[in-house]
Amino acid sequence: MRVSRMMLVTLRDVPADAEIVSHQLLLRAGYIKRVTSGIYAYLPLMLRVLQKINSIVREEINATGALETLLPQLQPAELWEKTGRWNSYTAGEGIMFHLKDRQGRKLGIGPTHEEIITTIAKETIHSYKQLPVILYQIQSKFRDEIRPRFGLMRSREFIMKDAYSFHSNEDDLGKTYTCMDIAYKKIFSRCGLKTVPVDADSGAIGGAASQEFMATAEAGEDLIMISSNRDYAANQEKAISIPKRPKPLPTGNTSIINTPNQSTIDELCSSNKFDPSQIIKVIIFIAKEENGGLQPLLISLRGDQKLNEVKIVNTLHNKLGINVIDLYPITIDEIRNQGLCEFPFGYLGPDLDDKYLLGAKTWKNKFLRIADHTATKLKLFICGSNKENHHVTHMSWDKLGGIPLSVDIRKAEVGDLCVHDQTQTLSSIRGIEVGHIFQLGRKYSDSLDAKYTNESGGQESFWMGCYGIGISRLAQAVIEQNHDENGIIWPISIAPYEIIISIANTKDKTQTKLGEELYNKLIKLGIEVLLDDRKERAGVKFKDADLLGIPWRIVVGREAEFNKIELFERSSRNTTLMIVDDAIKKLSSEIPSKRS
RNA sequence: CGGGAUGUGGCGCAGUUUGGUAGCGCACUUCGUUCGGGACGAAGGGGCCGCAGGUUCGAAUCCUGUCAUCCCGACCA
């Protein structure tokens, strides 16, 4: 392709809207154009990158035995109602774009495709003999993100590869899950992306085992907790660790103490020489349930621990079968709006009476009481007395009327010891989520009544897995990891072009002629080559070539008359003066070997 | 949605406090001189100053409303 013909417009100034380097470079080098918030046009150069990524993804996913499909983006509400996701995906700040057609039928614009694919599987797969089946597609997905940002990193329309697998038993699902794990690692490494697999929360999609692939980058939105030897890594939402040992409370009798103006852990500790680990703090949240119910939660935590809200949502779902669509701390205004008397905030105890909720307008009038393991393990502790300005020391769970539901709802912190290996400590790094694999189990097949006939003639729900890769996000993540002050440095495997020939002076006939010859020869060799034939000064062409990030550059310049060119490698910035034929030889052996 | 900020040619910005009818750099066009790391000079083209009302003889500038964009939080490939 000739640069003079490719609608290339590069920007010298950094667009004001772009915050992170990869986004700035995509805009400056003319790869993408913003159309509206979170919605981008992929310009010709970008499309080539995406197509390269797609073909790597296709190769590796096809190799797992998966079949490519293309599913509709417009999806009927009924399917989403069956899985119970229509409300949570559309109501309030729902993430699904949705609309009504002219007959008034409700449709959603696909943020994901479990409903569709499971329905298709249900209608197509009737016997265990047809299993397992893996289906996938690569196409645009739509999510009405609360806050789109960072260009393609979090956009509202984005390209995703999503695969879904169907199995007759859990073991088989596990096998495919492992295959995908391996395929994903190959894909990311072929794309030149450094990733860390982490244990993940399975979020709104639901399910059992789940792993995220994080591209490590300072600009990443996710915090990853990782052990020193990298054996363990988890999303902060899911991370577990060994909490520090509590400082035992010296023996003593249960007694109420005066604690005026000591409504925080800090104040309480500094005034009474307590250690935060000797205290139980109590927090009240409201869990908004899928069916609209508002359940007050009375949560007990050890004073030195922090609450992990995601773990609470999961606990409610997994242990109590409550599907929570929103979780938020209560406020004084809300208590008033409920028509209730004020709570003794700052002095709450785990035994706060349900009578505080009597007469609530929309809240349920019984607390759901849960506590973190670190709290329930304390034999003796200090806690609020449910009376302003008073705490209780040497309290025990017995005296409080028993131990509430004991679960892990604390945040793992940097410096904690790891559960898998107590010689390791946790530290944190930032990452960009580029892939996610789940073992869904039978959640969707059950709710959509997707069954097949098993060996003994009975009906059974499919075991399912789902596996996503954010294609457009991945492309940008690669830039985040591969750039310098001059621009992008594409790995050759996904570069839009492999070589750019810069003719230093287009008025020089010798240079132009040699450039054109070289261009044609390289094309014949099957190399993807750009010819910068623009009537620009050499400096402009060099700057643009660096900015675009093409892995190799050939400069046809002063030495053209001696049949020599300069070969420049973008990543190392090494330049070699070479005879033309030697350069061709070198490139035609080197480039194909590094494409993989 | 809550908190913060900004909207002025394609991009980056000044002008707004103290109303007088729009300017700078980059990019674009033409000519000349240059010609290996974003050249220089000269001459040009392009903007109803986000939009709608209002105040005023007169509004980019003041007032009201509205829309959009970006940043911080919840969301997620």
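Chain identifiers are assigned alphabetically (A, B, ...) following the order of the sequence lines, protein sequences preceding nucleic acid strands; residue numbering begins at 1 within each chain. Treat the numbers as computed from the prediction; the structure is a model and nothing was measured.
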Sticking with atom P, work out how far G44(B) lies from G25(B), rounded to a whole angstrom.
14 Å
Any donor-acceptor pair under 3.5 Å between the side chain of Asn505(A) and the base of G36(B)?
no
Is any side-chain N or O of Arg156(A) under 3.5 Å from a base N or O of C75(B), one able to act as donor and the other as acceptor?
no
Among C75(B), G12(B), G36(B), which nucleotide sits nearest the side chain of Ala16(A)?
G12(B)
Under 3.5 Å on both distances, the Watson-Crick or G-U partner of U33(B):
A39(B)
Is it the case that the base of C75(B) and the side chain of Arg147(A) share a donor-acceptor contact (distance under 3.5 Å, atom types as modelled)?
no
Once you apply a heavy-atom cut-off of 4.0 Å, does Ser155(A) come out as touching a base, just sugar-phosphate, or nothing?
base
Under a 3.5 Å limit for both distances, which nucleotide forms a Watson-Crick or G-U wobble pair with A60(B), could you say?
none
Regarding Asp222(A), tell me which of base, sugar-phosphate or nothing describes its non-hydrogen contacts under 4.0 Å with the strands shown.
base
Could you check which nucleotide pairs with G45(B) in any of the strands shown, counting Watson-Crick or G-U wobble with both distances under 3.5 Å?
none
Pick the C1' atom in A60(B) and in G50(B), then give their distance to the nearest Å.
12 Å
Strand partner of A5(B), provided both Watson-Crick or wobble distances fall under 3.5 Å:
U69(B)
Using a 4.0 Å heavy-atom cut-off across all strands, classify Lys507(A) as base, sugar-phosphate, or nothing.
base
Checking C11(B), G38(B), C71(B) against the side chain of Pro15(A) (C-beta onward), the nearest is C11(B)
Residue Asp13(A), side-chain atoms from C-beta onward, closest of A77(B), A74(B), G25(B)
G25(B)
U16(B) pairs with, by Watson-Crick or G-U criteria that keep both distances under 3.5 Å:
none
Once rounded to the nearest 0.5 Å, what's the spacing between atom OG1 of Thr90(A) and atom CZ of Phe97(A)?
13.0 Å
Counting neighbours of NZ on Lys185(A) that are heavy atoms of other residues, nucleotides or ligands and sit closer than 6.0 Å, is the number greater than 12?
yes
Which base, if any, makes a Watson-Crick or G-U wobble pair with A27(B), both distances under 3.5 Å?
none
Taking it one step at a time, do Glu19(A) and Arg149(A) satisfy salt bridge (charged side-chain N to carboxylate O under 4.0 Å, His left out)?
CA-CA 9 Å; Glu19(A) 184 80 356; Arg149(A) 61 186 140 172; over 6 Å; no
NA contact type, Asn486(A), heavy-atom cut-off 4.0 Å: base, sugar-phosphate, or nothing?
nothing
Between C75(B), G38(B), A77(B), which nucleotide has the shortest distance from any of its atoms to the side chain of Arg143(A)?
A77(B)
Which part of the nucleic acid does Gly468(A) contact within heavy-atom distance under 4.0 Å: base, sugar-phosphate only, or nothing?
nothing
What about Asp546(A), does its side chain sit under 3.5 Å from the base of G37(B) through a donor-acceptor pair?
yes
To the side chain of Phe542(A), which of G38(B), G36(B), G73(B) is closest?
G36(B)
Determine the Euclidean distance between corresponding C1' atoms of U6(B) and U16(B); express it in Å to zero decimal places.
14 Å
For A74(B), the nucleotide meeting Watson-Crick or G-U wobble distances (both under 3.5 Å) is none
Any N or O donor-acceptor pair linking the side chain of Arg34(A) to the base of U69(B) at under 3.5 Å?
no
Name the nucleic acid region contacted by Met96(A), choosing base, sugar-phosphate or nothing; use a 4.0 angstrom heavy-atom cut-off, strictly under.
nothing
Kindly say whether, by distance alone, the side chain of Arg553(A) makes a donor-acceptor pair under 3.5 Å with the base of G37(B)?
yes
Would you verify whether the NZ or CZ of Arg473(A) falls within 45 degrees of the ring axis of Phe158(A) while also being under 6.0 Å from that six-membered ring's centre?
no
Take atom P in G32(B) and the same atom in G23(B), then report the distance between them in whole Å.
29 Å
Just compare C11(B), A39(B), G36(B) and give me whichever is closest to any side-chain atom of Ala504(A).
G36(B)
